[in-house]
Amino acid sequence: TWWRPMVADVTAGRIVINGGRDRGVKPQRLYRVREKGRPVTDPATGDVLDIIPGTVVGVIRITEVKDNIAFAETVQGSRFARGQHLQQTR
């Protein structure tokens, strides 16, 4: 099934990701963290044409991977919140 990596929770400086081994998340992997994007819709039909990516708020590094979740630490940035989207860095 389709999966979009996202911040599931932030607690005590620890960031929880909504996927783990089940989604192929690996320790030490880096992700850019983005604010939620904005949908672009067709004015005639209302259909969503695309999503404009949100602003990058930081970078995180995966530190621990479990079956269904992973934990990460901050590499850069500070305004992390539930629902933000992740984009794996190259």
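Just so it is clear, the structure is predicted and the values come from calculations on it, not from any experiment.
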From Glu35 atom CD to Thr55 atom OG1, the distance as rounded to the nearest 0.5 Å: 6.5 Å
Donor-acceptor contact below 3.5 Å, side chain Arg23 vs main chain Trp3: no
Spatial distance of atom CE (Met6) from atom CG (Leu86) [nearest 0.5 Å]: 8.0 Å
Interatomic distance, Lys66 atom NZ to Asp22 atom CG [nearest 0.5 angstrom]: 13.5 Å
Where Val65 and Val25 come nearest, the two heavy atoms and their spacing: CG1-O, 3.6 Å
Side chain to side chain contact (heavy atoms under 4.5 Å, CB included) partners of Pro39, counting only residues at least two apart: Val48, Ile51
Cluster companions of Val75 among Ile, Leu, Val, Met, Phe, Trp, Tyr (side-chain spacing under 4.5 Å): Leu30, Val59
Salt bridge (charged side-chain N to carboxylate O under 4.0 Å, His left out) contacts in which one or both residues fall within residues 36-56, not counting sequence neighbours: none
Arg29: partners by side chain to side chain contact (heavy atoms under 4.5 Å, CB included), with sequence neighbours left out: Lys26, Tyr31, Ile62, Gln88
Where at least one partner belongs to residues 4-14, residue pairs that pass salt bridge (charged side-chain N to carboxylate O under 4.0 Å, His left out), sequence neighbours excluded: Arg14-Glu64
Exercise: identify the closest heavy-atom pair between Asn18 and Ala8: N-CB, 4.1 Å
Cluster link Ile52 to Val56, ILVMFWY, side chain under 4.5 Å: no
Hydrophobic cluster partners of Ile69 (side-chain heavy atoms under 4.5 Å): Val16, Phe71
Close side-chain approach of Gln87 to Arg34, heavy-atom, < 4.5 Å: yes
Pairs where residues 73-83 contributes a residue and the test side-chain hydrogen bond (donor to acceptor under 3.5 Å, both in side chains) is met, not counting sequence neighbours: Arg61-Glu73
